[in-house]
Number of protein chains: 2
Amino acid sequence: MSLKHGLLGFLNYGSMTGYELDKAFKESLDLFWMAQTSQIYRELNSMEKLGWLTSERILQEDKPNKKLYTLTKQGRDELKSWLGKSNNNEGIYVKNGFLMKIFFSGERSTDENIKALKKYKYNCEKALERLGKTGSSIDHYKNQILDKDKAFYWGIAAEYGYYYYMTSIKWADEIIKRLEDIK
Amino acid sequence: MSLKHGLLGFLNYGSMTGYELDKAFKESLDLFWMAQTSQIYRELNSMEKLGWLTSERILQEDKPNKKLYTLTKQGRDELKSWLGKSNNNEGIYVKNGFLMKIFFSGERSTDENIKALKKYKYNCEKALERLGKTGSSIDHYKNQILDKDKAFYWGIAAEYGYYYYMTSIKWADEIIKRLEDIK
DNA sequence: TGGGTCATGTAACCTGTTACATGATTAG
DNA sequence: CTAATCATGTAACAGGTTACATGACCCA
């Protein structure tokens, strides 16, 4: 139950349309929680049924009509409750398909594995670049939000991203070197 | 489509029952891909329908009967094909609910956030401990498998775990310090 | 005239989670 | 006597992915 909570988090800053939420997600949270556009629309629907938000249809002339979502008290309560409760495997059980592949890479040749690790390293480098962009889009949002303290935590999450990708690159380098030595 | 591939990976080392696969998963891959027992049984069923494996019922007297699964050629091909293809976001888009929470933690008090980060740090330390155990269970499996090169990659995946948790702890320490300073 | 932005979705399918059910044997 | 190990699952629900559909407006 996490995409719903991410959406609650954004809507707590102010009313938004599905389209805007989709963009906000892709510009910031995407690195920790990638969401499909279609899923966002579906979840908004189901959240409305749950009473977590209300919607208002806004007619436009030059552009397509849109639907503006607003948090209800229940929605705000749900957000608070999610933020409030911690469980014992937070940040621990993270599904990582790449690592699972590595686990079984004895089935591949050393050359293939070196290639795969180099690709992975490249992907991490690209992700770091995108983090830079996320940084500037965070700055952009910061200026729109009244309560600037809130955006402080956006920076912290982005910083985790730096640590994460830097470490992943270091690991990949180390393993590549080792594989090239035994070749 | 990843639990299926994890199961294929194990079955490639030799025929196993659902119960044994469940244990193997929990003793090794669990840190990168936590799987429910019930899901393992269901997936095995669906994999058999896909023709990736065959099953043989084994009757026992003292213990409950069991079902031994064996890879088919199709199953082995599927494993190879999964290992062979890389995509552009491997290891990049990893869903992390904890980070999403951090992202919205402006809604919580600084004290609550310090508490949550300390809990997170503690969880990471526990995970590191478990990695030690995983290490020994990897050693255990190593001795059962003929082709010891395969187990080399198990160690590499575990090593990623070390890097990962060590970095997470470092990050948490840094943020806790920062939060305590501004308090 | 072709691609980007704005804006919303549906349908089918696949994957993951939670709760529950059963029951014998064995070791401390 | 009680907890762990062995061994298998079902049912219901929740969440995520992929593919597809529509259509206007604007800029180069």
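Naming convention: chains lettered A, B, ... in sequence-line order (proteins, then strands); numbering from 1 in each chain.
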Give B/T17 one of three labels, base, sugar-phosphate or nothing, depending on what nucleic acid heavy atoms sit under 4.0 Å from its own. sugar-phosphate

Should the ring pair A/F104 and B/Y13 be called parallel, tilted or perpendicular, given that the plane angle runs from 0 to 90° and is split at 30 and 60? tilted

Let me know the distance between CG of B/N89 and P of D/dT17, rounded to the nearest Å. 10 Å

Indicate yes or no: does B/E174 engage B/R178 in a salt bridge with an N to O separation below 4.0 Å. yes

Looking at D/dT17, I'd like to know if its phosphate oxygens (OP1 or OP2) sit under 4.0 Å from a side-chain N or O belonging to B/K95. yes

Rounded off to whole Å, could you give me the OH-to-P distance for the B/Y93 and D/dT17 pair? 11 Å

Starting from the C-alpha separation in whole Å, work towards a yes-or-no answer on side chain to side chain donor-acceptor pair (under 3.5 Å) for A/S86 and B/K119. CA-CA 8 Å; A/S86 71; B/K119 176 86 183 281; 3.2 Å; yes

A/K67 vs C/dG9: side-chain N/O to OP1/OP2 distance below 4.0 Å: yes

Starting at atom CG of B/L3, determine the distance to atom P of C/dG16, rounded to an integer number of angstrom. 6 Å

For B/N65, which contact category applies under a 4.0 Å heavy-atom criterion: base, sugar-phosphate, or nothing? sugar-phosphate

If only side-chain N and O atoms count, and only distance matters, is there a donor-acceptor pair under 3.5 Å linking A/Y153 with B/N113? yes

Between A/E43 (CD) and D/dG16 (P), how many Å, whole number? 7 Å

How many whole angstroms separate atom CE of B/M16 from atom P of D/dA7? 12 Å

For B/R42 and C/dC20, give me the distance from atom CZ to atom C1', rounded to whole Å. 15 Å

Donor-acceptor pair under 3.5 Å, B/S38 side chain vs C/dT18 base: yes

Look at the side chain of B/Q36 and decide which nucleotide, out of D/dT8, C/dT17, C/dT5, has an atom nearest to it. C/dT17

For D/dC6, does either OP1 or OP2 sit under 4.0 Å from a side-chain N or O belonging to B/K23? yes

Enclosure of B/K126 NZ (heavy-atom neighbours >12, cutoff 6.0 Å): yes

Ignoring backbone atoms, test whether A/Y41 places a side-chain nitrogen or oxygen under 4.0 Å from the OP1 or OP2 oxygen of C/dT8. yes

Length of the CG-P vector between B/N45 and D/dA11, whole Å: 12 Å

What integer distance in Å separates B/E20:CD from D/dT8:P? 8 Å

Can you tell me if the side-chain N/O atoms of B/Q39 get under 4.0 Å from OP1 or OP2 in C/dG16? yes

